[in-house]
Amino acid sequence: EEHTDLIIVGAGLFGLTVAQQAAENGYHVHIIDVREHIGGNAYSYFDKETGIEVHKYGAHLFHTSNQRVWDYVNRFTSFTNYVHRVYATHDGEVYPMPINLGTINQFFHAAYTPAQAEALINEQAGEYANVEPQNLNDQGIKLIGKPLYEAFIKNYTAKQWQTDPEKLPASIIRRLPVRFTYNNRYFRDTYEGLPTDGYTRWFERMIDNPNIEVTLSTDFFDASQELSKANLRGSVPIVYTGPIDRYFGSQLGDLHWRTVDFKEHRYDEVNHLGTPVMNYVDADVPFTRSIEFKNFNPERTEVAEQKRTIVWDEYSRFASKDDEPYYPINTAEDRERFAQYKAMEDAEPNVVFGGRLGGYAYFDMHQTINSALIAWEKQVKPLLK
Ligand code: FAD
Ligand code: NA
């Protein structure tokens, strides 16, 4: 092997973006990942039996209003004209999401105009106008009124958190967007779409550079391997995108996450849900939502029209140590602990911490890429000779 200027721990979008930038600037980069594939949580594969693109760690929809990020990603992939829409099943009926004029009129069996619907929601929310919300229930009612909150938010949130909303902090929901038009386009960003030939082809093109070497199935904390924390200590600059608590041996305790379990079903039907995402917002369905992957790519007509489909039901729960960490729980205690770990980074001048695990935060893909482009300029490049 030639000399290595930079080691990157994690082949997710943060690590891949920094690697791409460094390689383009002439540096030799070595990426390691404990998983057997690149792409981190945005990785997808084409199912052998059906040819359907399956997003292994849950549905990923690309969207951004950041021109720099959009220009950057378009260097490596084109995007389909997919537009994300979500429906919800409640009490034996299907409603459009997020809550909009269509949802409201269907729910109240009415034909309200935007002004009438807004007046109604304000009146219903007004019940809690002078109440300081003590928990998520109060907060939800204060934001959109009891009928809509209890139908569409309460039980869904309880399933996501495995906790009665009366025991959840009000701060989890700062706002509940209600639209007083029939627009049910889920994202409001300037750009939206899915990578034309799949997520993984996009990521492969990012690192298609002789200056980049990738070693998979390699754990940074496995001291028996060459590119481990124990063996590298200080010798080469490192970009670390794994969990920040793990880096410091969890010496201040663990940061807490939620995870998602997926239950796969295969059907001999052209279409099972009739849409990519169906939320189940009532308590009697144990999962939060179902994903029908082929419906993300209706332009792949041969795959889309075959009489075979894959559906995943999503069950949300608290992550234990061996689970994939997905969403930071972010209690006050977690935030305090994260701040303490963050302060420990100062003792590691040759290491740049980044990404969602390094930052103990939820980032969409475009935010991850943006922060990686900034980290490259401001933190990583100055470390390289
Ligand atoms: P990751 O993708 O997690 O990559 C980190 C990598 O580090 C992993 O591959 C991991 O294996 C590796 N690693 C960790 N520890 C070690 C170690 N000890 N040694 C070696 N390697 C290690 N974003 C959107 O824009 N749209 C969406 O629709 C969307 N949906 C999402 C749905 C779910 C369920 C989740 C969890 C996230 C979703 N996201 C979505 C966010 C998106 O996944 C992230 O923005 C992106 O994956 C973050 O990239 P990253 O590099 O920071 O982290
Ligand atoms: Na540092």
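Predicted model, so just to flag it, every value in this text is computed and none were measured. Remember, it's 1-based here, ligands and their atoms both numbered in the order they're listed.
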Say whether [X], considering both its backbone and side-chain N or O atoms, lies within less than 3.5 Å of an N or O atom on ligand 1.
X	value
Val9	no
Tyr362	yes
Asp33	yes
Leu357	no
His366	no

Inset, instruction - Please could you name the atoms of ligand 1 that Leu61 approaches to less than 4.0 Å, counting only its heavy atoms? - result: 24 (C), 25 (O), 26 (N), 27 (C), 28 (O)
Inset, instruction - Using a strict cut-off of 4.0 Å, indicate which atoms of ligand 1 neighbour a heavy atom of Asp364. - result: 23 (N), 24 (C), 25 (O), 26 (N), 40 (C), 45 (O)
Legend entry - Shortest heavy-atom approach to atom 47 (O) of ligand 1 - which of Leu216, Leu194, Ile369, Asn41: Asn41
Inset, instruction - Could you name the option among Phe14, Phe220, Tyr327, Phe221 that has the heavy atom nearest to atom 33 (C) of ligand 1? - result: Tyr327
Inset, instruction - Answer whether the closest heavy-atom distance between the side chains of Phe107 and Phe152 falls below 4.5 Å. - result: yes
Inset, instruction - Taking the six-membered ring for Trp and the full ring for Phe, Tyr or His, determine whether the centres of Tyr191 and His366 are under 6.0 Å apart. - result: no
When you measure from the heavy atoms of [X] to every atom of ligand 1, does any distance fall below 4.0 Å?
X	result
Ile38	no
Phe62	no
Thr241	yes

What residue and heavy atom of the protein are closest to [atom], and at what distance?
atom	answer
atom 30 (N) of ligand 1	Ala59 O, 3.1 Å
atom 4 (O) of ligand 1	Gly12 CA, 3.4 Å
atom 46 (C) of ligand 1	Thr368 OG1, 4.0 Å
atom 18 (N) of ligand 1	Asp219 OD1, 2.9 Å

Legend entry - Whether over 12 other heavy atoms sit under 6.0 Å from Arg317 CZ: yes
Pair [X]-[Y], side-chain donor/acceptor within less than 3.5 Å:
X	Y	result
Tyr149	Asn137	yes
Ser65	Asp189	yes
Tyr72	Gln20	yes

Inset, instruction - Would you please classify the geometry between the Trp312 ring and the Phe262 ring as parallel, tilted or perpendicular, with 30° and 60° separating the classes? - result: tilted
Legend entry - Pair Glu24 + Arg75, salt bridge at N-O below 4.0 Å: yes
